[in-house]
Amino acid sequence: MKVILLRFGELFLKGDNRYLFESMLIKNIKNKLKDETFKFEKTFGRYVISNYDESREKVIIGKLKQVFGLYSLSCALELPSTVESITSEINKLSIGKKSFKVFVKRADKKFPVSSMDFAKHLGGVILDNNPNAEVDLYNPQVEVHIDIRLNGKSYLFYDTIKCQGGLPLGCAGKGLLLLSGGIDSPVAGYLVGKRGLEIEALHFHSYPYTSEMARDKVITLAKELVPFVGKIKLHMISFTKVQEMIHLHCSAEYMITIMRRIMMRIAEQICNKYELGAIVTGESLGQVASQTMQSMTVTGGVVEIKPIFRPCITMDKEEIMKISKDIGTYETSILPYEDCCTVFLPKNPVIKPTIDRCEREESKLDIDALIKECMFSEEIIEIE
Ligand code: ATP
Ligand code: MG
């Protein structure tokens with residue numbers, strides 16, 4: 001019988017919590033395949049998907065490759081764990097002149113032959129049937145894997161497909177992603193998702209300075225994250241008034257710093273309102289003036305309780321771009337629609353802002369009233 005064999009990685013490390021993690025992973029897998037017919041079986045250390053529509057195998061594998069917590073998968077043949085049945089399957093193998101290696105893994109120690117001896121035996125069978133083939137233990141062209149499991153069944157496969165790794169979505173709780181239209185923040189959302197954090201997203205727009213297209217771009221980015229992080233509640237907040245007021249009253253070099261401080265305060269309020277446990281940004285150390293250590297001190301400093309996760313903090317732009325291409329958000333991110341941060345952009349933003357100066361600039365504004373107005377402008381879009 002043809003099956004898909006699923007392996008999970010880090011789950012093993014979780015001791016008593018393992019059951020919780022596993023049930024979450026299984027739920028996520030089943031949910032991912034909700035439009036497919038299939039049978040799901042749990043054996044020790046592996047999951048097996050069978051009875052699926054073989055013409056949809058590629059689609060199913062594509063979906064499974066998006067599930068956080070899965071480490072790798074293989075399309076395999078399920079066989080009874082007997083010397084005869086495995087040997088008879090290997091008898092059919094035709095590999096021409098290729099080099100090969102047989103890998104036997106024996107979880108079931110009741111299987112009567114040792115892994116090493118069985119590998120030698122099967123290698124002999126392959127050589128008998130393929131006289132031009134040769135064994136290559138170091139760099140084989142064909143890898144023949146036999147995985148003898150504890151459930152009385154063995155799995156024969158030739159390829160292992162790498163999956164996302166990480167931890168099952170949901171096991172780390174839920175956070176709020178500050179989603180701009182740029183390259184970095186969607187990547188940040190993907191990366192925290194990979195550690196099990198579900199997300200809602202918050203976007204600040206400056207309509208009518210920013211266009212309808214800029215808004216659609218953010219919606220598209222959120223949609224592109226959904227296959228990995230699941231449904232996203234996208235909170236849209238109008239930032240226009242805040243920017244106008246800062247522009248009018250504050251020193252130009254502090255404009256972005258003060259904007260960020262207000263964004264962070266609003267983010268924390270949204271977290272409190274919707275019971276979200278952390279703020280996530282796409283910041284990367286030193287990438288721009290607003291992402292220096294001093295800038296992050298004063299912008300992060302207004303957040304009272306929630307942790308701020310910055311998964312891109314140590315990455316080069318190149319590394320972030322690579323992930324964004326891999327997950328499919330890059331092409332959308334580079335669309336040239338203006339972001340709220342480019343409206344009224346000062347020529348020389350401060351690189352080392354100080355708290356004192358921030359507070360002095362902010363005293364020229366009615367911050368509480370501005371934040372209230374922003375919160376009032378909130379619009380929610382359900383992205384799925
Ligand atoms: P990105 O590529 O994510 O836009 P960036 O390199 O352009 O990042 P900044 O513009 O300095 O960096 O933004 C830093 C972070 O602040 C972003 O990664 C995002 O998390 C948040 N952010 C910036 N602008 C907005 C916005 N309009 N709405 C929501 N969050 C934003
Ligand atoms: Mg940006």
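Whatever order the structure lists them in is the order used to number ligands and atoms, beginning at 1. In what follows, every heavy atom counts, from backbone to side chain, and hydrogens, waters and symmetry copies are set aside. Numbers here are sequence positions counted from 1.
In this model, a donor atom of one side chain and an acceptor atom of the other lie less than 3.5 Å apart for Ser185 and Ser180. Checking Glu41 against Ser50 by side-chain atom types alone, no donor-acceptor pair falls below 3.5 Å.
Expressed to the nearest 0.5 Å, how far CD1 of Ile95 lies from CD of Glu134 amounts to 9.5 Å.
The closest heavy-atom contact to atom 30 (N) of ligand 1, among the options Leu178, Ile237, Ile266, comes from Leu178. Around atom 1 (P) of ligand 1, the closest heavy atom drawn from Gly282, Ala188, Gly181, Ser180 belongs to Ser180.
Residue Met263 places no N or O, backbone or side chain, under 3.5 Å from any N or O of ligand 1. Polar contact with ligand 1: absent for Pro186 (N/O pair, distance under 3.5 Å).
Between Arg357 and Glu361, at least one side-chain N (NZ, or NE/NH1/NH2) sits under 4.0 Å from a carboxylate O, which counts as a salt bridge. At a threshold of 4.0 Å, the pair Glu382-Lys231 does not count as salt-bridged, since none of the basic side-chain nitrogens sits closer than that to a carboxylate oxygen. Using a 4.0 Å cut-off between charged side-chain N and carboxylate O, Asp147 and Arg46 make a salt bridge.
Contacts with ligand 1 closer than 4.0 Å are made by backbone heavy atoms (N, CA, C, O) of Leu202 only, the side chain lying farther away. Under 4.0 angstrom from ligand 1, the non-hydrogen atoms of Ser185 come from both its backbone and its side chain.
Screening Tyr155, Phe38, Tyr71, Phe40 for a ring pair (Phe, Tyr, Trp, His ring centres under 6.0 Å) with Tyr47, the sole residue that qualifies is Phe40.
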Test Tyr330 against Glu224 for side chain to side chain donor-acceptor pair (under 3.5 Å), laying out the working first.
CA-CA 10 Å; Tyr330 181 76; Glu224 287 167 345; over 6 Å; no
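Each of the atoms 2 (O) of ligand 1 lies under 4.0 Å from some heavy atom of Ile183. Atom numbering of ligand 1 starts at 1 in the shown order; those under 4.0 Å from a heavy atom of Gly182 are 1 (P), 2 (O), 4 (O). In summary, the atoms of ligand 1 found under 4.0 Å from a heavy atom of Ser290, numbered by their order in the structure, are 11 (O). Heavy-atom proximity to Thr281, at under 4.0 Å, picks out these atoms of ligand 1: 20 (O).
Within the structure, the closest approach of His205 to ligand 1 does not fall below 4.0 Å when heavy atoms are considered.
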